[in-house]
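Comments concern the structure below.
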Amino acid sequence: MLERLGKAEWLVPATGEMRVPGRIFADCGTIEQLKADIEEGKEWNALRQVCEVACLPGIVTASLALPDVHPGYGFPIGGVAAFDVDSGVAVVGGAGFDINCGVRTLRTPLTEESVLDYKEKLAEQLFRDIPAGLGSEGKLRLSVEEIDQVLIKGARFVVEQGYGVEEDLEYIEEGGQLTGADPRTVSAVAKQRQFRQVGTLGSGNHYLEVQVVEKVFDEKAAGIYGLRKGQVVISIHTGSRALGHQIGQDYLKEMVKATKKYNLPVRTRELACAPIRSNEGERYLAAVACGGNCAFANRQVITHLVRSSFARVCGIPPTSVCTVYDIGHNNIKLERHCVDGEERTLLVHRKGATRAFGPGREESPVSYRSVGHPMLVGGTMGTASYIMRGTEVGMKKAFGSGVHGAGRALSRRKAAKRYWGENVRSSLKDRGIILRAHSLRGIAEEAPGAYKDIEQVVKAATDAGINHPVVRLRPLIVIKG
DNA sequence: ATGTCC
């Protein structure tokens, strides 16, 4: 049922109700795992999800999966699907519940050697300064009007409030402000949940890491991104917290009704959707933009807190900590793409998939345009992270998309059974990685062994030609919820 | 991912 197209590229021919084929970018090991899951009759199966997405109305070219693919709600995580704006649908499961979950990476003027004596102190300061954990609350208190401003203006609003500098905005996807956001499409309950959560990390796989640039693969792109070997950087992985989750819940209910109302050929609740050009579809996309803006604002406020922590412990000016880039991996966006030689506007769903626009696209910051914008690929707390970039091949074959991280190999439940938080912490300590976390069970669930090997994920994306590595980052300090 | 159930 799978045809091999290249070293790390596979085709799932369209059969039955599939309108387009599936296309999977992955190594042999991942493909064997996907096949084994099917043969064992596992319901919770990413390959089946790739095929079900391929059945959705208006899908263009193919239902895609990336090397870090694993099963998700409706769409696989590591899944990409683009839809024709007139005949296609907007799918809640295509962005997931943590809308615009993503990563921001900051660069510092520090080297690993220069922070060795400060490591414990820095970890303690960051742990104290960055609110994290389930239900954690930030220091900001926003009025109803201000919450609407966050939803409309995203990172720009909090920068105007003094959390960061104008230059940060240049280095956030879409300038940190997604267009089309309309707070009237977001429920009062969702806004209420946002009230205390701007500038908080959350829990689960979210983290803040202090990292060192361990290896440079692409000197030109690294130089353009302001990165060099031995440099200390900080990566922030978080999303839209409870607000995004509530938007997902609210619209899933609405889309279940819309699927019936518009008589859409969708059998599973997990792929509930509405025509893009319907009231439900348009309102959902306006709400997704609000959630996305909330996530950008969240990472912006955390950036401000990180600058203060570093200034206090390391004595560097806050302004010397600069945003390399900020990019989401759970998004739905209207984008221009070339399909069979024709330029078209498509609604691209990326779920656990990073946008990866190659050289020349005007969406990238001017100074990055010659090589394309950075893709921030998060590893586990014990393994490397990568900064990659998009390629021409990725633009043609994957709607300018790429991997987002290691991808889970074990469920949270299985990981919590197999690992114990204290053991994970001490084995990290043995390797010079300081872990400060709010939940011991959380550490076990996030144990490096619960994830795929990031090296294999990066290699497969590179072999497929859709992404290209720029630098590898090694963790020094990890802050978890 | 998520005040892990309205």
Side-chain angles (χ1 to χ4, degrees), chain A residues 44 46 49 68-79 91-104 131-138 147 186-208 236-254 256-257 269-270 287-288 290-292 294-299 302 327-332 349-354 378 380-381 404-417 437-446 450-451 479-481:
Chain A
W44 190 236
Q49 291 178 333
D68 47 348
V69 66
H70 56 110
Y73 188 90
F75 268 52
I77 296 163
V91 198
V92 174
F97 288 84
D98 192 1
I99 296 163
N100 197 17
C101 180
V103 179
R104 176 175 315 201
L134 194 59
S136 53
E137 296 183 355
I147 289 174
V186 176
S187 71
V189 177
K191 291 179 190 176
Q192 181 61 36
R193 291 184 72 175
Q194 165 73 354
F195 173 54
R196 295 165 196 275
Q197 292 196 325
V198 181
T200 64
L201 205 54
S203 63
N205 65 3
H206 291 166
Y207 61 77
L208 183 146
I236 301 157
H237 178 209
T238 184
S240 50
R241 307 281 284 107
L243 176 128
H245 190 258
Q246 190 65 47
I247 290 172
Q249 275 187 25
D250 291 343
Y251 278 92
L252 183 64
K253 273 186 226 158
E254 202 167 316
V256 168
K257 287 183 201 157
R269 177 190 165 91
E270 291 195 9
V288 165
C290 288
C294 165
F296 285 140
N298 196 20
R299 294 193 284 271
I302 293 173
I327 189 159
H329 46 236
N330 285 350
N331 275 311
I332 306 177
H349 297 59
R350 294 192 184 87
K351 164 99 161 276
T354 306
T380 74
M381 53 195 174
H404 86 304
R408 285 203 85 87
L410 293 180
S411 68
R412 294 194 169 278
R413 180 193 287 268
K414 278 187 183 158
K417 259 188 163 175
H438 290 81
S439 153
L440 264 182
R441 186 191 161 93
I443 298 175
E445 289 180 352
E446 289 295 313
Y451 282 86
I479 308 294
K480 293 284 289 184

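The sequence lines fix the lettering, A, B, ..., with proteins before strands; numbering per chain opens at 1. Fair warning: this is a prediction, and the values are worked out from it, not measured in the lab.
- Residues satisfying the ring-ring contact (aromatic ring centres under 6.0 Å, His included) criterion with A/F296, sequence neighbours excluded, are absent altogether.
- With rounding to whole Å, A/H438 atom NE2 is found 16 Å from B/dG3 atom C1'.
- Whole-Å rounding puts the A/E137 CD to B/dG3 P distance at 11 Å.
- Distance A/Y73 OH to B/dT2 P: 18 Å, rounded to the nearest Å.
- Across all strands, A/G96 comes closer than 4.0 Å to no nucleic acid atom at all (heavy-atom distances).
- When side chains are defined from C-beta on, A/I327 does not count as touching A/V103, because their heavy atoms never get closer than 4.5 Å.
- Closest approach of A/M381 and A/I443 over heavy atoms only: CE-O, 3.4 Å.
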- [ ] Go through the steps to decide whether A/R408 and A/E446 satisfy the test salt bridge (Lys or Arg N to Asp or Glu O under 4.0 Å), and finish with yes or no.
- [x] CA-CA 9 Å; A/R408 285 203 85 87; A/E446 289 295 313; 3.3 Å; yes
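- In this structure, A/R196 reaches neither bases nor backbone, as no heavy-atom distance under 4.0 Å exists between it and the strands shown.
- Rounded to whole Å, atom C1' of B/dG3 lies 10 Å from atom CD of A/Q246.
- Taking atom CG of residue A/L134 and atom P of nucleotide B/dT2, one finds them 7 Å apart after rounding to whole Å.
- Rounded to an integer number of Å, the gap from A/E445 CD to B/dT4 P is 14 Å.
- The separation between A/R441 atom CZ and B/dT4 atom C1' is 10 Å, rounded to whole Å.
- Spacing between atom NZ of A/K253 and atom P of B/dC5 amounts to 14 Å, rounded to whole angstrom units.
- Listed candidates were B/dC6, B/dG3, B/dT2. Nearest to the side chain of A/Q197 is B/dG3.
- Looking at the side chain of A/H206, the nearest of the listed nucleotides B/dC6, B/dT2, B/dG3 is B/dT2.
- A distance of 5.0 Å separates CG of A/L252 from CZ of A/F97, quoted to the nearest 0.5 Å.
- Heavy-atom nearest nucleotides on DNA chain B were determined for A/Q249 and for A/E446, and the one closer to the 5' end corresponds to A/E446.
- Within the 4.0 angstrom heavy-atom criterion, only backbone atoms of the sugar-phosphate kind lie near A/R241; the bases stay farther away.
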